[in-house]
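Quick notes on the structure that follows.
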Amino acid sequence: MKLIIDVGNTRITFALFEEGKIVRQDSVKEKDKYCINYFSEFFEKFLNGDSFDACYLSSVVPNIAYFINSSLKVNYPNAKVVEISPDCKTNMNYNVDNPNEIGADIIADLAIGKEKYGYPLIVCDLGTASKVLFIDKNGDFDSCVIIPGMTLSMRSLAGNTALLPHIDINQCKTILAKNTVAAMNAGIVYSHLYGIEGICQQFEKEVGYKCKRVITGGCACKVRSMIAENYIFDEDFLLEGIYYLGKKNEVE
């Protein structure tokens, strides 16, 4: 089996893959507790006696990746560790100014998007930061738009206003809000929804052709029932991308 780890800014997701399929998955978001011992204890509980011969790691938080790598080295010294980076072998050409600044999560999204859905393709990954990635008609990564995610938007709104509370963001059934919490929730969700749709439309307008569209990420479920029908919802998209690149880069 392969252990897949996605270290994001808000949460860390773990998955065990066997023959290309997820057999177990879990996530944590306890930043103040992260250390080598924390991950050693987590791995023991998560694996529950199962073993893995390789770990594929994607991280956008270097200090957390250090703790994870150290724990793996101590507890699973025979397991290969493959970290996703701009130097990885991939299926993608990068038509951008500086490929070395591309995040591991974006690299994995691009690789699995091209492999799974073809091109031209727009990938909308809604997380702590929401990324809209454009793969052009030649199959190259051509552009990316990054905006504050829904959770960041809520924190900014509540943190910079005296009377607005911190809220949990939920799906909306109507924009006709009748109270403060509903008004904040609707404002964040609808502005994000139409922002994402508008960015996709602008990509297509400027390049002059239509693209397939994929929506994924931790906040995608908030707009899944509201977004246009031509968006493909793919819940495990990033994990599959990490697995795809890990297999491609694992050295026997």
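Note that the numbering runs from 1 along the sequence shown for the chain. Computed from a predicted structure; not experimentally measured.
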Side chains of [X] and [Y]: does their closest heavy-atom pair fall under 4.5 Å?
{"X": "I122", "Y": "V214", "value": "no"}
{"X": "L133", "Y": "I106", "value": "yes"}
{"X": "I5", "Y": "Y56", "value": "no"}
{"X": "F17", "Y": "V23", "value": "no"}
{"X": "V60", "Y": "V7", "value": "no"}

Membership question, hydrophobic clusters at under 4.5 Å side-chain separation (ILVMFWY): are V81 and I107 in the same one? no

Determine whether F43 and I242 fall in the same hydrophobic cluster, where Ile, Leu, Val, Met, Phe, Trp and Tyr are linked whenever their side-chain heavy atoms lie under 4.5 Å apart. no

Applied to residues 16-31, the side-chain hydrogen bond (donor to acceptor under 3.5 Å, both in side chains) test, sequence neighbours excluded, yields R11-S27, R24-D50, E30-K33, E30-Y38

Do [X] and [Y] have a side chain donor and acceptor closer than 3.5 Å?
{"X": "D234", "Y": "Y117", "answer": "yes"}
{"X": "H192", "Y": "S130", "answer": "yes"}
{"X": "S58", "Y": "D105", "answer": "no"}
{"X": "N249", "Y": "E83", "answer": "no"}
{"X": "N170", "Y": "N185", "answer": "no"}
{"X": "E197", "Y": "Y231", "answer": "no"}

Main-chain N/O of N91 paired with K114 side-chain donor or acceptor, under 3.5 Å: yes

Looking at L163, is its backbone amide N or carbonyl O close enough to the side chain of T161 to form a donor-acceptor pair, meaning the two atoms are under 3.5 Å apart? no

I84 and A104: which non-hydrogen atoms are nearest, and at how many Å? O-CB, 3.5 Å

